[in-house]
Structures are given as C-alpha cells and as structure tokens.
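Here is the naming used below: chain letters follow the sequence lines, and residue numbers restart at 1 for every chain.
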Amino acid sequence: MIPEKTEAARRLLSWYDRHRRDLPWRAKPGETADPYRVWLSEIMLQQTTVPAAAPYFRTFTDRWPTVRALADAPLDDVLVAWAGLGYYARARNLHKCARVVAEAHGGRFPATEADLLELPGVGAYTAAAITAIAFGRKATVVDGNVERVIARIFAVEEPMPAAKPTLRRLAATLTPDERPGDYAQAMMDLGATVCTPRKPKCMLCPWSEFCRARAAGIAETLPRKLAKAEKPTRRGVAYWVLNPDGAVLLRRRAEEGLLGGMAEVPSTRWEQEAPDDAAVAAQQPLPARWRRLPGLVRHTFTHFHLELEVVAAVAGTGWQSAAGTWVPVDRLGDQALPSVMVKVVRHALKTV
DNA sequence: GATACGTGGGG
DNA sequence: TCCCCAAGTAT
C-alpha cells in the first residue's frame with residue numbers, strides 16, 4: 001500500500017538530505033538557484049550523463065556567466081563549445097532560447113511552466129524542472145528516472161512508451177507542495193543512484209517497503225519496453241585533402257538535420273552500399289588523385305551505424321576554388337567537429 | 001504515435 | 001563485440 005503522499009515525500013526528502021550529491025549546477029543548501037544555470041544544466045543533461053555534461057557546464061558558465069552573455073555570442077562559438085556533447089539541435093536551440101530570453105523577456109527566464117514551455121528546446125520535462133528547481137514552484141518532473149521509479153512503485157506493467165501518460169498521472173499524485181525543487185531532484189537522484197535500470201539497490205531505497213514491483217519480484221524488469229528496431233549500417237567515403245600550405249578542407253553541414261551546423265571532413269553520401277571509385281570521383285570536393293587509406297572509421301549514431309573509409313590527396317592548382325574552409329591541422333581544435341569527425345581526423349593523421 | 005537526433009560508458 | 005542506456009525535444 002502506498003502511504004499517505006506527504007509521508008512518501010517526507011521519506012524521500014529525508015533520504016535526499018542524507019545523500020545529496022554535490023553537482024556543479026546544484027545550489028548549495030540555503031543558496032538561491034540561478035535560473036540560467038538551472039536551464040543550462042537541464043538542456044545539457046537531456047539524454048546525457050552527469051559525467052559527460054559536467055565539464056561542458058563549467059566551460060559554458062566560465063565563458064558565458066549570464067544568459068545575456070550567451071545571447072550575445074555568435075552561434076558558431078556555441079557550436080564549437082558544444083562539440084562532442086551530441087544532439088546538436090540542443091546547442092542551436094540553446095542559443096535561440098538565450099536570445100529569446102534576452103530580447104523578449106528582458107534577460108530573465110519566465111517563471112511559469114506554461115511560459116517556459118514556449119521557449120526553444122524546452123519541453124515538458126525541462127519546463128517542469130526549471131519551475132521546481134529554479135523558482136521553487138510545484139511542478140511534476142517526469143524524466144526517464146521518474147518513469148522508472150513510478151513504474152516500479154506502482155508496478156505498472158504496460159510497456160513504454162504507451163505507459164507514459166499513466167506514469168505522469170501517478171507521478172503527479174505523489175508530488176508534494178513542500179520543497180518542490182528538492183523533491184524533483186530527489187526523484188531523479190533516486191532513479192539515478194538507487195532505482196537503477198539494472199540491479200536496483202532496493203535495500204537502500206526509502207520507498208522499498210511499499211514498492212509493489214519489489215514485492216512482486218519484478219522491479220528490475222520495469223518499465224517494460226518493446227523491442228527496438230535493428231540499426232541499419234550506412235557507408236561512405238571521407239575526403240582528407242591538404243592544400244600546399246598543409247591545411248585541411250572542411251565544410252559546414254546543413255543547418256538542420258544530423259550534425260546540423262557542425263563542421264565536417266567532406267564525404268560522399270552515407271548509404272547502404274559503400275561508394276565505388278566512380279562514386280568517389282563523382283562526389284569529390286575538388287579534382288585530385290585520391291588514395292584509399294587502410295582501415296575504417298566506425299561510429300554509431302542513435303539510429304544507424306556508420307562505416308567511413310578515408311581517401312587522401314594533396315590538392316593541385318585551383319584548390320582555392322573548393323567549397324569549404326581550409327584549416328591548418330594544428331587549428332582543428334577550434335572547429336565545431338562532432339565526435340565522428342574527430343575520429344576521421346585522427347584516423348587520417350595516424351595513417352597518412 | 002513514430003521517427004530523427006549523438007555520444008561514451010557499462011555489463 | 002554488441003547492446004543498453006542517460007536529467008528529452010521537435011516534427
């Protein structure tokens with residue numbers, strides 16, 4: 001039996017007070033939360049682990065201490081700083097959102113869930129998180145952690161994602177009126193450290209007594225998920241070309257879609273079949289004698305595997321007319337190179 | 001509702 | 001090696 005909701009919240013908050021983690025974006029007890037830092041951290045933490053996000057958070061807040069500073073920055077600076085963190089639409093929306101807050105909201109984040117929801121890159125989860133954590137207002141935060149905790153406490157066996165509305169409704173029934181920010185973070189911390197996807201530490205859980213899934217011995221199997229579709233493999237060839245100054249040709253990817261707005265080593269299209277010599281010649285960024293380098297660059301995106309072969313050449317006369325930017329090899333670190341392209345660069349430098 | 005969208009770590 | 005997963009959002 002689930003206890004009175006205030007009793008459940010009291011137990012969770014007590015657990016949180018004893019196990020609170022010191023995270024770079026978390027206000028210390030007694031400190032006032034900064035909505036800018038809360039927002040920035042929540043965007044970075046979307047589908048991203050704490051260890052991955054933490055160094056980026058420090059870099060961003062050191063360089064852009066306020067939302068106005070971020071709004072004043074060129075988008076490309078933000079993309080360079082975000083490079084490697086993934087889901088680059090977040091970086092584009094982050095910058096767009098900063099400008100909206102600076103220009104349409106006087107540099108202050110709106111303080112209601114409904115208004116926050118209007119901001120670019122801010123969805124249901126993030127709006128609730130900012131409302132609760134930054135403004136101390138009641139809001140039900142539902143992320144993957146909360147879904148898992150709730151699915152187990154109430155033994156919801158309906159598979160995801162169909163169970164989402166049910167889980168949201170059940171989560172809302174438990175949300176207390178007191179300490180909204182701490183409660184939201186406590187729920188997520190519980191899911192992240194105790195009620196984990198595999199091998200949940202039920203012995204350490206403040207809610208173990210009344211967890212229906214634990215009682216039924218099915219905690220680790222919840223929430224149920226349908227089998228995922230197999231990932232296809234796409235193949236392509238990347239063109240590593242140096243000009244007479246020893247600079248490499250890079251391009252800017254289209255603003256939308258995969259790796260939108262990021263820098264890339266030029267490549268053929270990525271398709272099921274690897275391109276043959278004719279396709280490599282047809283899609284070359286400039287005329288050159290291409291030499292296939294041994295080995296493959298492998299990378300896995302959310303929805304497909306990628307295998308890239310790298311071909312290398314030295315650009316002949318007329319290299320200035322190639323579309324793109326020539327970047328000295330020792331300046332590649334200044335570019336907005338996503339991880340897959342860092343792999344290509346390393347492979348080429350190692351092999352050439 | 002389904003799909004596109006990154007990356008690195010863990011088992 | 002391979003699959004799963006992580007503080008989701010936009011379309």
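For A/M188 and A/V122, each mapped to the nucleotide of DNA chain C holding its nearest heavy atom, the one lying further toward the 5' end belongs to A/M188. Between A/G84 and A/P161, the residue whose closest nucleotide on DNA chain B is further toward the 5' end is A/P161. Of the two residues contacting DNA chain B, namely A/F304 and A/R198, the nearest-nucleotide position lying further toward the 5' end is that of A/F304. With the nearest nucleotide of DNA chain C identified for both A/E256 and A/R26, A/R26 has the one nearer the 5' end.
For the pair A/F301 CZ and B/dG8 P, the interatomic distance rounds to 11 Å; values are reported in whole Å. Counting to the nearest Å, the C1' atom of C/dA6 and the OH atom of A/Y125 are 11 Å from each other. Atom P of nucleotide C/dC2 and atom CD of A/E230 are separated by 11 Å, given to the nearest angstrom. Remark: P of C/dG8 and CG of A/L167 are 14 Å apart, rounded to the nearest angstrom. A/R234 places its CZ atom 8 Å from the P atom of B/dA4, with the value rounded to the nearest Å. The distance from atom CG of A/D143 to atom C1' of C/dC5 is 13 Å, rounded to the nearest whole Å. Distance, A/M160 CE to B/dG1 P: 12 Å, rounded to whole Å. The nearest whole Å value for the distance from the CD atom in A/E255 to the P atom in C/dT11 is 15 Å.
Contact annotation for A/L85: base contact, defined as any heavy-atom pair under 4.0 Å involving a base atom. Across all strands shown, A/V141 has no heavy atoms under 4.0 Å from either base or sugar-phosphate atoms. Among the protein residues, A/P51 comes within range of no part of the nucleic acid, since none of its heavy atoms lies under 4.0 Å from any strand. Using a 4.0 Å heavy-atom distance criterion, A/A184 is classed as making no nucleic acid contact. Within 4.0 Å (heavy atoms only), A/R21 reaches at least one base atom of the nucleic acid. Within 4.0 Å (heavy atoms only), A/L306 reaches no atom of the nucleic acid at all.
Residue A/H299 places no side-chain N or O under 4.0 Å from the OP1 or OP2 atom of B/dG6. The side chain of A/Q47 contributes an N or O atom lying less than 4.0 Å from OP1 or OP2 of C/dG8. Within the 4.0 Å cut-off from OP1 or OP2 of C/dT9, at least one side-chain nitrogen or oxygen of A/T126 is found. The side chain of A/S339 contributes an N or O atom lying less than 4.0 Å from OP1 or OP2 of B/dG8. Phosphate contact (OP1/OP2 of C/dC5, side-chain N/O of A/R148, threshold under 4.0 Å): absent. Between A/H303 and B/dA4 there is no side-chain polar atom (N or O) within less than 4.0 angstrom of OP1 or OP2. The shortest distance between the side-chain N/O atoms of A/K228 and the OP1/OP2 oxygens of C/dC5 is below 4.0 Å. Considering only side-chain N and O atoms, A/Y87 lies nowhere under 4.0 angstrom from the phosphate OP1 or OP2 of C/dA10.
Taking only side-chain atoms of A/R90, from C-beta outward, the nucleotide of B/dG6, C/dA6, B/dT7 with the closest atom is B/dG6. For A/T49, whose side chain is taken as the heavy atoms from C-beta onward, the closest listed nucleotide among C/dT9, C/dA6, B/dT7 is C/dA6. Here the side chain of A/P197 is nearest to one of C/dA6, B/dG6, B/dT7, namely C/dA6.
Between A/R224 and A/E157 there is a salt bridge, with a side-chain nitrogen of the basic residue lying less than 4.0 Å from a carboxylate oxygen of the acidic one. Under a 4.0 Å N-O distance rule, the pair A/R99/A/D72 does not qualify as a salt bridge. The residues A/E220 and A/K199 are annotated as not salt-bridged, no charged nitrogen and carboxylate oxygen being separated by less than 4.0 angstrom.
Ring-plane geometry between A/W39 and A/Y36 is classed as tilted, the angle between the planes lying from 30 to 60 degrees on a 0 to 90 degree scale.
At least one cation-pi condition fails for A/R298 and A/W270: the charged atom is not both under 6.0 angstrom from the six-membered ring centre and inside a 45 degree cone around its axis. A cation-pi arrangement is present between A/R234 and A/F304 under the rule of less than 6.0 angstrom and at most 45 degrees off the ring axis.
Remark: side-chain polar atoms of A/R152 are paired, donor with acceptor, to backbone N or O of A/A219 under 3.5 angstrom.
A/T48 contributes a side-chain N or O that forms a donor-acceptor pair with the base of B/dG6 under 3.5 Å.
A distance of about 14 Å separates the P atoms of C/dT11 and B/dG6, rounded to the whole Å.
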